[in-house]
Amino acid sequence: MQFSKFWNSLPFVKPRNAPSKATFSESNALLAFGNLKDEISKHLHGPNQVDELGVIWDLIMQIIFGKPMDDSKFLMERLIQLMATKNSTDPEFVHFLERILITQLWTDITKPPTMLANYSYRSDDGSHYSRLERFIQLGKAGSHYSRFAPIKTPLSKLPDATQIFDNLMKRDENVFKEHPSGISATLFYLAIIITHDLFNSDHGDPTINKNSSYVDLSPLYGRNKAEQEKVRTGVLGRLKPDTFADSRILIQPPGVGALLILFSRNHNYIADYLFQNSEDGRFKDQNNDEQLFQTARLINCGYFLRIILYNYLRTIFCLERTQSTWILDPTKPYGKSFLFEPLPTGIGNQVSLEFNYIYRWHPAIAEDDEKWINEELKRVLKTDHPEDIDVETFKKRFGEWLRNLPADPSEWTFNNMKRDENGNFPNSDIANELIKGTEKIAGAFGANNIPLTLRVVEVLGIQSARAMGVCSLNDFRKALNLVPYKSFEEMTDNNKVLVDKLKNLYGDINNIELYPGLMVEKTKPANEVGSGGLALPFTISRAILSDATNLVRNDRFFTDDANLHNIAYWNWKNLERPDKIESLASGGILHQLILKHLPDCYPENSAFALYPFTIPTKTMSNLQERGDNLWTKIDFNKPNPK
Ligand code: HEM
Ligand SMILES: [Ca+2]
């Protein structure tokens, strides 16, 4: 309970120096408390006075500071005795004590309830994540996007979307700008899995998100029952070999599919392990496909989250340059305390339109991947010039291509990789894509670094945003409680060329649309601990943290229901390597999947396994910054799996 609310609820306290209005200072609060204690003691008489005051005071402190109660002291019982004896002589005082007691009892139980006895697994389509009957659809696949920011300034006389792309966003030929913090393409392969988990806009109605609003590995497991059934074997909770559900991954650079296959293999490893080792014997029954599948999925999603927190976010914060293994963990419980309401967990989530645009990170595409995508798009869109295709033809041909894929995803392939007789891709093919991804430097954020071949995708994005009434960059900033930009100069860090272009296209700083604005605004300084890992555009760098916190904290399978029973007492150390390897990883987890599921492809101490999200030369210089000798224990050579 908030202190000020509690304070105002007290019936007779008129402290000296108490704050008169909503303003609050801790010293005033303490003074006021002194007064409260005096006031209470006036109502206590006889030999037990001091003792009784102690009982009441302990209870008040427990309510306010959320301290656990030592029930061996029988506080509750003694308070009841006190109330019973005083009721006839001092009813007002007893009324006050009752209020304290009832307040404590009432706040003990979370309202509305945050855990239910059923639905302990992730549903196939993201329904039933919120435990409130009214909200069981929240974030379900096929829902509308939510909207984050209201439109305060109507946008007017907007330039043609192609003009915006060509002037502000297009990567000029042979002018690839490298990422200033040495981030590798592999970091963005993970980012692509995250974004394809959260966003899947319906071409027919872009206000609809065909995916669930939860980080639940839907690229692997599918977005509904039909998709999920296609990737499952129906036996012992296993997935089909090296199979994933989201066909959109097939036109991504092959490293994205390779990374997703690590999670596919990880699922089967977990399911097999549970079947063979379940401590409480719950998987004894060989027909128990469903329970094994669901439990393995919960655990696999747990690995996904851990990799996001311990590898991805740490690299984004540029923490590898320090000896600290700190992570920002949005799942932490924060209970009742002095000044704060408990911070809810597991309440459900629905991603917004605006965040779909916040996460379009096409400037980061590596130079070599750009070439690859261009060839893919030529094939998929049946044209020699994907950059010139119009939006309607793009939707039509992309749709056709998706529909013509084999119905069974275990027959899909990418980058011409061949499955063996068991249906698996060769370890070395998967490893090589990840290794190449770590070798490739990503593109820098900021203006004019989006591959030309994605022109139609960008034009479609800008046009859809207009049709749906997405707000301006400044309105978005206001909604996030960031000061709006006052001038083009401020927004671009005085980049004259950009200022001129923006003036010509938009006229007024408040007229700049959200998405083009995000792609053009100034970026955070590179290589600085805090946010310099990704060196994102200012507004994006702030927004993704709010979004990530909500996504993770509001997912009950990462919080309230992430209990040991639901995951069959899985030991998270299961995939750990020997201590001497773990001590090289700065707390990272991803190497555990790489080394386990791609055996004999990497030396155990390879920078490519331990730090896949920065190019190896950069990993070396980052680690050297730490001031210890960790870097000397790491093998920076490119592995050569066969
Ligand atoms: C590396 C190569 C990439 C390719 C070939 C690619 C391709 C595409 C395509 C074709 C679309 C339009 C999809 C549609 O309208 O159906 C799209 C949208 C999108 N892309 Fe990318 N992209 C790439 C990288 C990235 C990266 C690195 C991110 C961010 C981490 C990203 C985030 C998004 C998002 C959020 C959308 C909107 C999705 C939706 O609304 O359904 N993409 N991308
Ligand atoms: Ca999802």
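Counting starts at 1 for both ligands and their atoms, in listed order.
Ion pairing between a basic and an acidic side chain is recognised when a charged N comes within 4.0 Å of a carboxylate O; Lys478 and Asp475 show such pairing. Taking the charged nitrogens against the carboxylate oxygens, Lys436 and Asp368 have no contact shorter than 4.0 Å, which rules out a salt bridge. Between Arg232 and Glu229 there is no salt bridge, since no side-chain nitrogen of the basic residue lies less than 4.0 Å from a carboxylate oxygen of the acidic one. We find that Lys378 and Asp384 are not joined by a salt bridge, their nearest charged nitrogen and carboxylate oxygen being 4.0 Å or further apart.
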Step by step, work out the salt bridge (Lys or Arg N to Asp or Glu O under 4.0 Å) result for Asp408 and Lys230. CA-CA 6 Å; Asp408 182 348; Lys230 286 189 190 176; over 6 Å; no
Salt bridge (Lys or Arg N to Asp or Glu O under 4.0 Å) assessment of Arg455 paired with Asp166: CA-CA 8 Å; Arg455 189 169 185 249; Asp166 292 345; 2.8 Å; yes
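Between atom 12 (C) of ligand 1 and the options Leu198, Ile192, Leu454, Val457, the minimum heavy-atom separation is to Val457.
Residue contacts with ligand 1, taken as heavy atom pairs separated by less than 4.0 Å, involve Asn356 via backbone and side-chain atoms alike. Only the side chain of Gln252 comes within 4.0 Å of ligand 1, counting heavy atoms alone; its backbone N, CA, C and O stay farther away. Contacts with ligand 1 closer than 4.0 Å are made by side-chain heavy atoms of His362 only, the backbone lying farther away.
Heavy-atom proximity to Ala191, at under 4.0 Å, picks out these atoms of ligand 1: 30 (C). Each of the following atoms of ligand 1 lies closer than 4.0 Å to a heavy atom of Asn200: 41 (O). Residue contact check: Tyr359 has heavy atoms under 4.0 Å from atoms 28 (C), 29 (C), 30 (C), 31 (C), 32 (C), 35 (C) of ligand 1. Every atom of ligand 1 with a heavy atom of Arg360 under 4.0 Å away is listed here by number and element: 32 (C), 34 (C), 35 (C), 36 (C), 37 (C), 40 (O). For ligand 1, the atoms closer than 4.0 angstrom to any heavy atom of Pro253 are 1 (C), 2 (C). Distances below 4.0 Å separate heavy atoms of Thr195 from the following atoms of ligand 1: 29 (C), 30 (C), 32 (C).
Distances between N or O atoms of Ser201 and those of ligand 1 include at least one value under 3.5 Å.
Put simply, Tyr214 gets within reach of the Ca ion (ligand 2), with an N, O or S atom under 3.0 Å from it.
Not a single heavy atom of Asp369 lies less than 4.0 angstrom from ligand 1. Under the 4.0 angstrom criterion for non-hydrogen atoms, His203 is in contact with ligand 1. Residue contacts with ligand 1: Ala364 is excluded, as none of its non-hydrogen atoms falls under 4.0 Å. Heavy atoms of Phe398 come nearer than 4.0 angstrom to ligand 1 in at least one pair.
Donor-acceptor pairing under 3.5 Å is recorded for the side chains of Thr345 and Asp560. A donor atom on one side chain and an acceptor atom on the other are found under 3.5 Å apart for Tyr145 and Ser201. For Asn266 and Asn300, the side-chain atoms include at least one donor-acceptor pair closer than 3.5 Å.
Across Tyr310, Phe263, Trp572, a single residue satisfies ring pair (Phe, Tyr, Trp, His ring centres under 6.0 Å) together with Tyr303, and that is Trp572.
Geometry about the Ca ion (ligand 2) gives an angle of 80° between O of Asp197 and OG of Ser218, rounded in steps of 10 degrees.
Two residues are said to be in side-chain contact when any heavy atoms from C-beta on lie closer than 4.5 Å; Val456 and Val391 meet this criterion.
Leu138 and Asn349 get closest at one heavy-atom pair: CD2-N, 3.6 Å.
Of all protein heavy atoms, the one closest to atom 28 (C) of ligand 1 is Trp361 N, 3.7 Å.
The minimum distance between the Ca ion (ligand 2) and any N, O or S atom of Asp216 involves atom OD1.
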